[in-house]
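I have placed the structure first, in the form of structure tokens, so that the comments after it can refer back to it.
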Amino acid sequence: MSNITQPSNFPIIDQPSSAKCVQVCQNRTCKKQGALKVLAAFMALPIPGVTVTASSCLGQCGNGPMVLILPDMVWYSGVQPDEVFLLIEEHLLGGQRVEQMLYYRFHPQKSN
């Protein structure tokens, strides 16, 4: 496994032991909902230790663009290009889920 990383505008922080992977669905419905721009936004902000990939259908058609973060198994739905920075800053760098963007089917809202 190579340790090649891309330059980043973000400060380098202690990376978790398992590398993260961001999958952005590029199947038909997500593409129509703007998934290409979401993928491009992730690619424009590379983060050391995080791989961003275009994925085939994630099986949640109509709720996209869908973003899946592994190995966390955290699903985000309806992601827009201007929200990518928030996901990077909060989830990938800060380790905190972005509650308002979580996909409700896999991450039900907690009742107060």
Side-chain angles (χ1 to χ4, degrees):
M1 189 191 312
S2 78
N3 286 334
I4 297 172
T5 58
Q6 297 178 6
S8 172
N9 295 331
F10 297 103
I12 295 180
I13 57 171
D14 292 332
Q15 295 297 317
S17 56
S18 56
K20 290 199 186 302
C21 178
V22 176
Q23 293 188 344
V24 182
C25 180
Q26 295 297 302
N27 208 35
R28 222 179 270 137
T29 308
C30 281
K31 246 184 178 167
K32 285 180 184 170
Q33 294 174 314
L36 274 172
K37 289 181 180 175
V38 173
L39 179 62
F42 273 108
M43 298 297 245
L45 299 166
I47 308 144
V50 176
T51 305
V52 176
T53 61
S55 81
S56 56
C57 185
L58 292 173
Q60 304 305 314
C61 299
N63 295 292
M66 295 298 299
V67 172
L68 172 59
I69 299 181
L70 299 171
D72 305 354
M73 288 303 295
V74 175
W75 294 72
Y76 292 104
S77 63
V79 178
Q80 298 304 307
D82 62 353
E83 296 172 320
V84 167
F85 183 79
L86 181 63
L87 285 179
I88 290 171
E89 195 173 53
E90 296 288 321
H91 189 127
L92 297 172
L93 294 175
Q96 300 296 316
R97 294 176 177 190
V98 183
E99 295 291 327
Q100 70 271 23
M101 294 174 64
L102 289 172
Y103 182 43
Y104 70 96
R105 286 196 180 149
F106 298 138
H107 307 289
Q109 295 295 316
K110 297 176 178 99
S111 56
N112 292 336

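In what follows, every heavy atom counts, from backbone to side chain, and hydrogens, waters and symmetry copies are set aside.
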Reported CZ-to-CG distance for the pair Arg97 and Leu102, which is rounded to 0.5 angstrom: 6.0 Å
Would you check if the side chain of Gln33 reaches a backbone N or O of Gly78 as a donor-acceptor pair within less than 3.5 Å?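 Judged by distance alone, no pair lies under 3.5 Å.
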Does a sphere of radius 6.0 Å around CD in Gln100 hold more than 12 heavy atoms from other residues, nucleotides or ligands, not counting ones at 6.0 Å or beyond?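 Counting other residues, nucleotides and ligands, CD of Gln100 exceeds 12 neighbours.
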So which pairs with a foot in [range] pass salt bridge (Lys or Arg N to Asp or Glu O under 4.0 Å), sequence neighbours left out?
{"range": "residues 51-64", "value": "none"}
{"range": "residues 42-62", "value": "none"}
{"range": "residues 64-87", "value": "Lys20-Asp72"}
{"range": "residues 24-37", "value": "none"}

Tell me which pairs pass ring-ring contact (aromatic ring centres under 6.0 Å, His included) where either residue lies in residues 47-77, with sequence neighbours left out. Trp75-Phe106, Tyr76-His91
With sequence neighbours excluded, what pairs up with Phe42 under the ring pair (Phe, Tyr, Trp, His ring centres under 6.0 Å) test? none
Are the side chains of Leu93 and Ile88 in contact, using a 4.5 Å heavy-atom criterion?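 Side-chain contact under 4.5 Å: yes.
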How close do Val98 and Leu87 get, heavy atom to heavy atom, and via which atoms? CG2-CD2, 3.7 Å
Residues 44-69 side chain polar contacts: donor-acceptor under 3.5 Å, at least two apart:
from	atom 1	to	atom 2	distance (Å)
Gln60	OE1	Tyr103	OH	2.7
Asn63	ND2	Gln60	O	3.3
Asn63	ND2	Tyr103	OH	3.1

Between Leu36 and Met43, is there a shared hydrophobic cluster once you connect ILVMFWY residues whose side-chain heavy atoms come closer than 4.5 Å?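 No; Met43 is not reachable from Leu36 via cluster members.
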Indicate if Leu70 and Val24 have the same hydrophobic cluster label, given that clusters are the connected sets of ILVMFWY residues with side-chain heavy-atom separations under 4.5 angstrom. no
